[in-house]
Amino acid sequence: MLRRVLVGLAALGLLAATAGPAMAVSQKLRWKFDNVSAVVTTVVDDSGKGHTGTAVTANGGQITAVAPGRDGIGQAVQFPAVCPGDACAKAVITSPDAADLNPGTAAFTYGAWINVTLAELTTDHGSNVYQKGLSTTSQWKLQLDKPATGAPSCVVREAGGLNPVVVLSTVGVADGNWHKVSCQRTASSLDILVDSVVRGSTALAPTYTISPAGQQVTLGAKSAGKNNDQYHGRLDDVYYNLD
């Protein structure tokens, strides 16, 4: 009798299809910061891929551990306070170029948990959160360049800095709370997600190639030099995944 009922339901289209196995995400970099020193010098790559982060500073800048982190129990990292001008404290976490962080045409996701206030944003310069590559090279980047609203954006470029694509979030994150901000390249689009909700999207051709070979990863700024677009808030649980 049960078999007859199931067959009947299937004929009526009332049985849900069995879900296939989920596509495995391949994590290539993850910095959780739970074991960093009070003044950060190095950051272990919790993905196991060996992408160790190193703090680089200038003008007396430093990166410090703060607790709790975004999960309420671990640690996060704090970047230098807002300060206009080139004589200000500067600090960035860097990691050397690696082939598994140059996605090419593959689907990938990168991002971080962000905790920042509007007072920690400034019109004096941009706030670069996480990137590989510069404006003159191929690049993937997450930034906060809207100080009036605290809206994040995702940026990608092809070789030589050509064909830049920017996706701006429709919501801000500069409210002093933790927000997960992700940039996601799919087979046909570049999306920005805030707290796992898509808040902006634009078409991206399947042939669009993002390969910042020879460029280091930087977190919290693009460098510790002049015009470094210093970020001034807190960051936690930074990641890069091939989807």
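The shortest distance between side-chain heavy atoms of H125 and H232 falls below 4.5 Å. Taking the side chain as every heavy atom from C-beta outward, L101 and K28 approach each other to under 4.5 Å. For the pair R157/S135, a side-chain contact is recorded, criterion being any heavy-atom separation below 4.5 Å from C-beta on. Counting heavy atoms from C-beta outward, L235 and W113 have side chains that stay 4.5 Å or more apart. The side-chain heavy atoms of R234 and D236, taken from C-beta on, include no pair separated by under 4.5 Å. At least one side-chain heavy atom of V36 sits under 4.5 Å from a side-chain heavy atom of Q75. Residues V116 and L121 have side chains in contact (heavy-atom distance under 4.5 Å, counting atoms from C-beta outward). Side chains of Q139 and V155 form a contact here, defined as non-hydrogen atoms less than 4.5 Å apart.
Shortest non-hydrogen contact noted between A89 and P80 is O-CB, 3.9 Å. Scanning all heavy atoms of the two residues, the minimum distance from V66 to V77 falls at CG2-N, 4.2 Å. Scanning all heavy atoms of the two residues, the minimum distance from G53 to W31 falls at CA-CZ2, 3.7 Å.
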Can you give me every donor-acceptor pair (side chain of residues 209-218, partner residue at least two apart or in another chain, under 3.5 Å) with its distance?
{"from": "T209", "atom 1": "OG1", "to": "T207", "atom 2": "O", "distance (Å)": "3.0"}
{"from": "T218", "atom 1": "OG1", "to": "A221", "atom 2": "O", "distance (Å)": "2.8"}

Please set out all donor-acceptor pairs under 3.5 angstrom arising from side-chain atoms of residues 180-190, sequence neighbours excluded.
{"from": "S182", "atom 1": "OG", "to": "Y239", "atom 2": "OH", "distance (Å)": "2.5"}
{"from": "R185", "atom 1": "NH1", "to": "G104", "atom 2": "O", "distance (Å)": "3.4"}
{"from": "R185", "atom 1": "NH1", "to": "Y208", "atom 2": "O", "distance (Å)": "3.0"}
{"from": "R185", "atom 1": "NH2", "to": "A205", "atom 2": "O", "distance (Å)": "3.0"}
{"from": "R185", "atom 1": "NH2", "to": "Y208", "atom 2": "O", "distance (Å)": "2.9"}
{"from": "T186", "atom 1": "OG1", "to": "S188", "atom 2": "N", "distance (Å)": "3.2"}
{"from": "T186", "atom 1": "OG1", "to": "S189", "atom 2": "N", "distance (Å)": "3.0"}
{"from": "T186", "atom 1": "OG1", "to": "S189", "atom 2": "O", "distance (Å)": "3.4"}
{"from": "T186", "atom 1": "OG1", "to": "S189", "atom 2": "OG", "distance (Å)": "2.9"}
{"from": "S189", "atom 1": "OG", "to": "D191", "atom 2": "OD1", "distance (Å)": "3.0"}
{"from": "S189", "atom 1": "OG", "to": "D191", "atom 2": "OD2", "distance (Å)": "3.4"}

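Side-chain atoms of K222 and N227 include no donor-acceptor pair closer than 3.5 Å. Between the side chains of E158 and S138, no donor N or O sits under 3.5 Å from an acceptor N or O.
Note that OG1 of T122 and CG of D229 are 11.0 Å apart. Values are rounded to the nearest 0.5 Å. T94 contributes atom OG1, which lies 13.0 Å from atom NE2 of H51 (distance to the nearest 0.5 angstrom). Taking OG1 of T41 as the reference point, atom CD1 of I63 lies at 10.0 Å (rounded to 0.5 Å). Rounded to the nearest 0.5 angstrom, I93 CD1 and T57 OG1 are separated by 11.5 Å. Expressed to the nearest 0.5 Å, how far CG of D97 lies from CG of N102 amounts to 5.0 Å.
Under a hydrophobic-cluster definition in which Ile, Leu, Val, Met, Phe, Trp and Tyr are linked whenever side-chain heavy atoms come within less than 4.5 Å, directly or via other members, V40 and V238 are assigned to the same cluster. In the hydrophobic cluster analysis, where Ile, Leu, Val, Met, Phe, Trp and Tyr join through side-chain heavy atoms closer than 4.5 angstrom, L193 is grouped apart from V129. Y130 and L134 fall into different hydrophobic clusters, where Ile, Leu, Val, Met, Phe, Trp and Tyr residues are linked whenever their side-chain heavy atoms come under 4.5 Å apart, directly or through other members. Note on V156: it clusters hydrophobically with L142, by side-chain heavy-atom contacts below 4.5 Å among ILVMFWY residues. Follow the hydrophobic side-chain contacts under 4.5 Å out from L219 and you never reach V44; the two are in separate clusters.
Note: Y231 and F79 have perpendicular aromatic rings, judged against thresholds of 30 and 60 degrees for the angle between ring planes. Note: Y240 and F108 have tilted aromatic rings, judged against thresholds of 30 and 60 degrees for the angle between ring planes. Ring pair Y110/W140 is tilted by interplanar angle, where 30° to 60° counts as tilted.
With K90 contributing its side chain and S223 its backbone, the two residues share no donor-acceptor pair below 3.5 Å. Judged purely by atom type and a 3.5 angstrom limit, D46 uses its side chain to pair as donor or acceptor with the backbone of K32. S26 contributes no side-chain N or O that, together with a main-chain N or O of L242, makes up a donor-acceptor pair within less than 3.5 Å. Of the possible polar contacts, one joining the Q131 side chain to the G133 backbone as a donor-acceptor pair under 3.5 Å is found. A donor-acceptor pair under 3.5 Å links the side-chain atoms of Q230 to the main chain of A91, judged by distance alone. A donor-acceptor contact shorter than 3.5 Å links the side chain of D45 to the backbone of S47. Between the K146 side chain and the S169 main chain, no donor and acceptor come within less than 3.5 Å of each other. Judged by distance alone, the side chain of N241 and the main-chain N or O of D243 form no donor-acceptor pair under 3.5 Å. Between the side chain of T64 and the main chain of V39, no donor-acceptor pair closer than 3.5 Å is present.
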Let me see the working for D195 and V171 under side chain to side chain contact (heavy atoms under 4.5 Å, CB included), right down to the final yes or no. CA-CA 11 Å; D195 298 326; V171 299; over 6 Å; no
Residues L118, E120; criterion side chain to side chain contact (heavy atoms under 4.5 Å, CB included); working and verdict: CA-CA 5 Å; L118 283 175; E120 292 173 311; over 6 Å; no
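Annotation: side-chain contact (heavy atoms from CB on, under 4.5 Å) contacts of N177 (sequence neighbours excluded): D175, H179.
For the pair R70 and W178, the cation-pi criterion (under 6.0 Å, within 45° of the ring axis) is not fulfilled.
Salt bridge present: R30 and D237 bring a charged side-chain N and a carboxylate O closer than 4.0 Å.
Counted within 6.0 Å of CG on D124, heavy atoms from surrounding residues, nucleotides or ligands total more than 12; the atom is thus considered enclosed.
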